S.K.: 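Below are the structure tokens for one structure; questions will follow.
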2 protein chains.
Amino acid sequence: MQTALANAGLAPVLAGGLPGSAPPIRRAETRAEPRRSYAADEEIFAEGERTAFFYTVVSGVVRTCKLLSDGRRQIDAFHLPGDIFGVEAGPEHRFNAEAVTETRLAIHRREPRALAGDDGALARAVVAAMMRGLERAQDHMMLLGRKSARERIASFMLALSERLPGQGGAIELPMSRTDMADHLGLTVETVSRTVTQLERDGLIELPPSRRTVVLRHPAALRHLAG
Amino acid sequence: MQTALANAGLAPVLAGGLPGSAPPIRRAETRAEPRRSYAADEEIFAEGERTAFFYTVVSGVVRTCKLLSDGRRQIDAFHLPGDIFGVEAGPEHRFNAEAVTETRLAIHRREPRALAGDDGALARAVVAAMMRGLERAQDHMMLLGRKSARERIASFMLALSERLPGQGGAIELPMSRTDMADHLGLTVETVSRTVTQLERDGLIELPPSRRTVVLRHPAALRHLAG
DNA sequence: CGGTTGGTTGATTATTTTCAATGACGGTGG
DNA sequence: CCACCGTCATTGAAAATAATCAACCAACCG
């Protein structure tokens, strides 16, 4: 049973089979997989919970985060459609996952039995997801450890615009300022101020809704982002 | 060829075969693997270089880091004996690796051909290393994004004392203050001051060499680290 | 010995946080 | 339909933390 999984899926990935850019996650049209919808801010799983499943985002956005005992929060990643999250080495989840917006997820049982047979595509995708997660984490550590507030916001806007299907420089921010702050290692106030300042400097444009951003000068943002 | 690799090694890991604590990396005594020694501060590979190999630390310490165009540096991890590093998804290394101290490495060819046959242990170890890397990265993002200088130093000392074989609360710091600073997202001066302050507060003790640290009050440090 | 490197300490500055208040928006219920 | 309430975002002023600039010290090395 494990034979089929491993044989079909993982070796090519380890061998360097990943294309340079993130490969689109194509779910083989095998047996239907359980799905579930979550309301905005609904919990998907919590730190310490038993690791029974992992997930693929079908639509919507998910945040995974850790909390300090006094409530300080760090959002380590936002997961967009196609992303896999919730894969753990140990028996317990080491972070929380919550829906940022109304979200639909595909749920995968952790046991390989469920993957056995012909679904090597999922196994391959899992390893690919881990690698991409690690790469993002490394970039994010650089951001958190060494970049200024301005640079962080610029980096974030750019990264999001590249991940979101949104056409051109206009992106719809799915998350609140607080979520941005907890992802970027800043306070809400600093995020708000910095965004405003980038707008005053003409690098971005904010319609009154404040949840849409137009990247007016991507080159300058890229330069800022480092 | 990939069959043997995949079959022997990866599936159990994905299936949740990892014990809760980090499994010791046992290298099967298969065919001898190339090894090499590096002097302190010697480069192992650089960002952008072609990904041909990955490595296991045999002895010594390695740092992997990224640089910003203006020279700011973020050390994303220190790798201790037994650790695997340098595994990449893409064709190029995305960070630099340098020896911190005199170091000895085992060198693994990236192609699965070299792993074929009976060495599933290495393949398993690679996936385990990625998972542990991701877990460490998540903890480190919390540190970089949300902890104070004092908390960062305390966390670092504790984490190091748990990873180093060093008996009791005494640890030998393999890296310079500058390296610590670039890992913790601080400046050298802040690291130095904070370490001194922790000593004055009786939480740690520093022999005049300044490269040894005795954890005087681990409980208090743990509380501080969050 | 002189010179270099790594570490520490001090004074000052800068950036970000904290505390506080206000404004905008959306939903709800009278 | 509209007033009210709660949430989210913004802005301002003050405070705090860490960065920067600058010396200084000790150890190590040729």
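Proteins get letters first, then strands, A, B, ... in listed order; numbering begins at 1 in each. Nothing here was measured: the structure is a model prediction, and the numbers come from that model.
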S.K.: Using the criterion of both pairing distances under 3.5 Å for Watson-Crick and G-U wobble pairs, give all stems of 3 or more consecutive pairs involving DNA chain C.
M.R.: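 Stem list for DNA chain C: C:1-30 with D:1-30.
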S.K.: What is the per-nucleotide protein-contact pattern of nucleotides 8-24 of chain C, from the 5' end, where B denotes a base atom under 4.0 Å from a protein heavy atom, S denotes such proximity for sugar-phosphate atoms only, and - denotes neither?
M.R.: BBBB----SBBB-----
S.K.: Compile the donor-acceptor pairs under 3.5 Å between side chains in residues 181-190 of chain B and protein atoms, sequence neighbours left out, one pair per line.
M.R.:
unit_1 : atom_1 : unit_2 : atom_2 : d
B/D182 : OD1    : A/R146 : NH2    : 2.8
B/D182 : OD2    : B/R73  : NE     : 2.6
B/D182 : OD2    : B/R73  : NH2    : 2.9
B/H183 : ND1    : B/I75  : O      : 2.8
B/T187 : OG1    : B/T190 : N      : 3.3
B/T187 : OG1    : B/T190 : OG1    : 3.0

S.K.: If you look only at pairs with a residue in residues 159-171 of chain A, which of them pass as a salt bridge (Lys or Arg N to Asp or Glu O under 4.0 Å), with sequence neighbours excluded?
M.R.: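 Those involving residues 159-171 of chain A are A/D83-A/R163, A/E162-A/R222.
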S.K.: Under the side chain to side chain contact (heavy atoms under 4.5 Å, CB included) test, which residues partner B/H217, sequence neighbours left out?
M.R.: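 With sequence neighbours excluded, B/H217 shows a side chain to side chain contact (heavy atoms under 4.5 Å, CB included) to B/L203, B/A219, B/A220, given in chain and number order.
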S.K.: Anything under 30° is parallel, anything over 60° is perpendicular, the rest tilted; go ahead and classify A/Y55 against A/F85.
M.R.: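 Judged by the thresholds at 30° and 60°, the geometry between A/Y55 and A/F85 is parallel.
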S.K.: Is there a donor-acceptor contact under 3.5 Å linking the side chains of A/S37 and A/R104?
M.R.: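 Judged by distance alone, the side chains do pair up.
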S.K.: Which residues within residues 59-74 of chain A lie with some heavy atom under 4.0 Å of an atom in DNA chain D?
M.R.: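 By residue number: none to list.
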S.K.: What are the 5'-most and 3'-most nucleotides of DNA chain D lying under 4.0 Å from any heavy atom of chain A?
M.R.: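 So the contact region on DNA chain D extends D/dA9 to D/dA13.
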S.K.: Out of the candidates A/V127, A/V126, A/T51, only one should pair with A/V87 under the side chain to side chain contact (heavy atoms under 4.5 Å, CB included) rule; please name it.
M.R.: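 When A/V127, A/V126, A/T51 are each tested with A/V87, the side chain to side chain contact (heavy atoms under 4.5 Å, CB included) holds only for A/V126.
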S.K.: My understanding is that only residues two or more places apart in sequence, or in another chain, count here; which of them pass side chain to side chain contact (heavy atoms under 4.5 Å, CB included) with A/R50?
M.R.: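 Residues passing side chain to side chain contact (heavy atoms under 4.5 Å, CB included) with A/R50: A/P91.
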S.K.: In chain order, what residues pass the ring-ring contact (aromatic ring centres under 6.0 Å, His included) check against A/F53, with sequence neighbours excluded?
M.R.: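 A/F53: no ring-ring contact (aromatic ring centres under 6.0 Å, His included) contacts found.
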S.K.: Who passes side chain to side chain contact (heavy atoms under 4.5 Å, CB included) against B/E92, sequence neighbours left out?
M.R.: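 B/E92: no side chain to side chain contact (heavy atoms under 4.5 Å, CB included) contacts found.
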S.K.: List for me each residue that meets ring-ring contact (aromatic ring centres under 6.0 Å, His included) alongside B/Y38, sequence neighbours excluded, and say none if there are none.
M.R.: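 Applying ring-ring contact (aromatic ring centres under 6.0 Å, His included) to B/Y38 gives none.
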S.K.: Taking side-chain hydrogen bond (donor to acceptor under 3.5 Å, both in side chains) as the test, write out the residues that go with B/E43, two or more places apart.
M.R.: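 Partners of B/E43 by the side-chain hydrogen bond (donor to acceptor under 3.5 Å, both in side chains) criterion come out as none, since no residue qualifies.
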S.K.: Using side chain to side chain contact (heavy atoms under 4.5 Å, CB included) as the criterion, point out the one residue from A/D179, A/L160, A/V62 that pairs with A/P174.
M.R.: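 Single side chain to side chain contact (heavy atoms under 4.5 Å, CB included) partner of A/P174 among A/D179, A/L160, A/V62: A/L160.
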